[in-house]
Number of protein chains: 2
Amino acid sequence: MSQHRHPGAPGRAGAVPALPDLPEATVARLPEYLRALHNLAETGHETVSSEGLASAAGVNSAKLRKDLSHLGSYGTRGVGYDIALLVDQIESVLGLTQCRSVALVGVGNLGHALAGYDGFASRGFRIAALLDADPSRVGEEINGLVVRHIDELPRVAVEEAIAIGVIATPAPAAQAVADQLVAVGVTSILNFAPCVLSVPEGVDVRKVDLAIELQILSFHEHRKASLTALPAAGGSALTALPGGLAVTDTQEAIGT
Amino acid sequence: MSQHRHPGAPGRAGAVPALPDLPEATVARLPEYLRALHNLAETGHETVSSEGLASAAGVNSAKLRKDLSHLGSYGTRGVGYDIALLVDQIESVLGLTQCRSVALVGVGNLGHALAGYDGFASRGFRIAALLDADPSRVGEEINGLVVRHIDELPRVAVEEAIAIGVIATPAPAAQAVADQLVAVGVTSILNFAPCVLSVPEGVDVRKVDLAIELQILSFHEHRKASLTALPAAGGSALTALPGGLAVTDTQEAIGT
DNA sequence: AGGCGCTTGTGAAGACGTGCACAAATCGCG
DNA sequence: CGCGATTTGTGCACGTCTTCACAAGCGCCT
Ligand SMILES: NC(=O)c1ccc[n+]([C@@H]2O[C@H](COP(=O)([O-])OP(=O)(O)OC[C@H]3O[C@@H](n4cnc5c(N)ncnc54)[C@H](O)[C@@H]3O)[C@@H](O)[C@H]2O)c1
Ligand SMILES: NC(=O)c1ccc[n+]([C@@H]2O[C@H](COP(=O)([O-])OP(=O)(O)OC[C@H]3O[C@@H](n4cnc5c(N)ncnc54)[C@H](O)[C@@H]3O)[C@@H](O)[C@H]2O)c1
């Protein structure tokens, strides 16, 4: 997203602070590694092998090693990775050393749940502002934060040093809210409304859409049903490995 | 996931119901096309060009055409795609012609929001059961549905023909819930708990993790900050196209 | 009927991501 | 001190996804 870099241009000649330039797929997996590492640290481990961390994070161990190798060499051959060191390193790369302030716009059904969620604080984020357009919601206090009117966004953004905006309004309002966020300098948006947002170059948008996830599941469910309905077609492949365990992956790509 | 099809085997000789075998990346985008098509239909359009639909869905038009070409040729050259026909076709491929029943496990903070969400029904899903382990929550009525105890899952699964399970419990309980869902025959799970689930082959798991999304945004925010702090490094590439609009994409990875 | 403009469908090339397999490195122990 | 067990880091080959570019097809207008 927001890519440039002339196709033929030499990356960068004078090697400055490195600018990791990680593959996007790797970036998407780092948070998962981080979570697994925190789990391991809490259960008393000090080091972990690529195999161990990979299975805790649900990925292939070769992939994990390659991902980590992009950050530099922080493992010890024959031993594994120092958990504390790796946590620091990943947090540093992800920019989690500083706590980032989040503004949540749209304090309805979903917004309430997000506002009351304590899983953000423990991962380096602080919900710093709740905003809504409905006057009857303004003034309500949730989890120690008072809902303010969306028109106050410019002031709030400066006062609270907002870095990330979360949109939890109905879809028709989402584009307008995004525009307002961009106008006050927010360059990262997480959008829960089922619609695409147009934003200027340099602004990152990530979308979470439940219905899409369900529909993808529906497709596979549908396909599985068609397959079992035609047992003659695929041969015996289906019945192989009936007890094998597998961890299926996600969006990735999907990230997807 | 759970792929087969012998590499050298001739696709299919006797053309049965086709078994499209779509690329996963395409499957992940179809729901987005579907949403865009519904929007277009509501605003009175009857046909749409690949360019028009692509921009409504936030993707490249060549990618859209290739995606749709996998379903067959449902466009008319020189004209575009018939919206109603395409909607039917995509819904059929995604298996949305039948309404699928969803069981929601964990009716806490997030579960309440999901239970009260009407965006599922309009997309081919029905929340058919609410389940929780906390006795004080059992019996509560939300949106016309009564919360039942998780121990009733086996009976509920049969009575309501549950096709998809949604896990909205704390992470430590998620694996046990997944096991229970699998035990009653559920083969598609949407997991909101921040943990990896182990499931038997043939069961699909998709995960939604807010903190991961925020951390990915944090990374890009961090990178943008480092770049502007070193304005001499990249030359003038950054200031090019200052007014251009772009629609950034999502998880992709995941598809990704 | 014929030509013209528009749009689809797809071949080909390149970018990207994945996973195997193995050399290099490290530790512990005799 | 040397050796074997272990585990990382990575070269390489393969598969998937994306994007360009263009021929083929369609409808409309004259
Ligand atoms: N509830 C869920 O579980 C759920 C699940 C998936 C997606 N979503 C999506 O999340 C969004 C919010 O869902 P919800 O159920 O919370 O809806 P909701 O109607 O309960 O809440 C929306 C809130 O946004 C506020 N709002 C409207 N326009 C605004 C504006 N211009 N500026 C600021 N605030 C504004 C409203 O006052 C309201 O408080 C929707 O787009 C929905 O599709 C919700
Ligand atoms: N609240 C949010 O906005 C949010 C956001 C992102 C992720 N999540 C994740 O979603 C999950 C739920 O979050 P929450 O805020 O709703 O938590 P919560 O504590 O409010 O609700 C959890 C519910 O699950 C029930 N439960 C616990 N064990 C169970 C079991 N074995 N079987 C059935 N039910 C069981 C509890 O009784 C409770 O009602 C958590 O994993 C959380 O990390 C929540």
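Predicted model, so just to flag it, every value in this text is computed and none were measured. Just so it is clear: chains get the letters A, B, ... in the order the sequence lines come, proteins before strands, and each one is counted from 1.
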Exercise for the section: Can you measure from CZ (A:Arg29) to CG (A:Asp67) and round to the nearest 0.5 angstrom? Expected result: 4.0 Å
Handout entry: Test: A:Glu32 and B:Lys207 ion pair at under 4.0 Å
Key = yes
Problem - Under the 3.5 Å Watson-Crick or G-U criterion, the dot-bracket string of DNA chain D, with | for inter-strand pairs - result: ||||||||||||||||||||||||||||||
Exercise for the section: Indicate whether OP1 or OP2 belonging to C:dC20 is found under 4.0 Å from a side-chain N or O atom of A:Asn60. Expected result: yes
Problem - Between CG on residue B:Asn39 and CZ on residue B:Arg35, distance to nearest 0.5 Å - result: 5.5 Å
Practice task
Indicate whether OP1 or OP2 belonging to C:dT18 is found under 4.0 Å from a side-chain N or O atom of A:Arg29.
Solution key: yes
Practice task
Verify the distance criterion only: is there a donor paired with an acceptor across the side chains of B:His45 and B:Thr43 at less than 3.5 Å?
Solution key: yes
Practice task
Please test A:Leu181 against A:Ile167 for side-chain contact (heavy atoms from CB on, under 4.5 Å), starting from the C-alpha separation and ending with a verdict.
Solution key: CA-CA 10 Å; A:Leu181 286 169; A:Ile167 299 180; 3.9 Å; yes
Problem - Sugar-phosphate only, base, or nothing, as touched by B:Ala25 at under 4.0 Å among non-hydrogen atoms - result: sugar-phosphate
Practice task
Report the distance from atom CG of B:Leu85 to atom P of C:dT8, rounded to the nearest whole Å.
Solution key: 14 Å
Handout entry: Distance-only donor-acceptor test, A:Arg77 side-chain atoms vs C:dT26 base atoms, 3.5 Å
Key = no
Handout entry: Derivation and outcome, side-chain contact (heavy atoms from CB on, under 4.5 Å), residues B:Leu30 and B:Leu34
Key = CA-CA 6 Å; B:Leu30 287 181; B:Leu34 196 53; over 6 Å; no
Practice task
Compare the minimum distances between each of C:dC22, C:dG19, C:dC27 and the side chain of A:Val79, then state the nucleotide with the smallest one.
Solution key: C:dC27
Exercise for the section: Calculate the interatomic distance between A:Leu22 atom CG and C:dG17 atom C1'; express it in whole Å. Expected result: 14 Å
Fill in the blank from the handout: DNA chain C nearest-nucleotide lookup for A:Gly78 and A:Thr26: closer to the 5′ end is A:Thr26
Handout entry: Rounded interatomic separation in angstrom, taking NZ from A:Lys63 and C1' from C:dC20
Key = 13 Å
Practice task
For the pair A:Arg223 and B:Asp204, find out whether any cationic side-chain nitrogen is under 4.0 Å from an anionic carboxylate oxygen.
Solution key: no
Practice task
State whether the side chain of A:Ser49 and the backbone N or O of A:Gly52 hold a donor-acceptor pair below 3.5 Å, judged by distance alone.
Solution key: yes
Exercise for the section: Quick one: pull up CG in A:Leu214 and CD in A:Glu221 and give me the separation to the nearest 0.5 Å. Expected result: 11.5 Å
Exercise for the section: Hey, could you give me the CZ/CG distance between B:Phe192 and B:Asp209, rounded to the nearest 0.5 Å? Expected result: 10.5 Å
Handout entry: Euclidean distance, atom NE2 of residue B:His70 to atom C1' of C:dG9 [Å, nearest integer]
Key = 11 Å
Practice task
Give a yes/no on whether any side-chain N or O of B:Tyr81 is located under 4.0 angstrom from OP1 or OP2 of C:dG9.
Solution key: yes
Exercise for the section: Name the first nucleotide and the last nucleotide along DNA chain D (5' to 3') that come under 4.0 Å of a heavy atom in chain B. Expected result: D:dC17 to D:dG27
Exercise for the section: Report yes if a donor N or O on one partner sits less than 3.5 Å from an acceptor N or O on the other, where the partners are the side chain of A:Lys66 and the base of C:dG19; otherwise report no. Expected result: yes
Problem - Value in whole Å for how far the P atom of C:dT10 lies from CG of B:Leu64 - result: 14 Å
Handout entry: Sidechain-backbone polar pair: B:Lys63 side chain, B:Thr26 backbone, donor-acceptor under 3.5 Å
Key = no
Exercise for the section: Could you list by number each residue of residues 37-53 of chain B showing a heavy-atom separation from DNA chain D of less than 4.0 Å, or answer none if no residue does? Expected result: none
Problem - Nearest-0.5 Å distance that lies between atom CG in A:Leu96 and atom CG in A:Asp88 - result: 11.5 Å
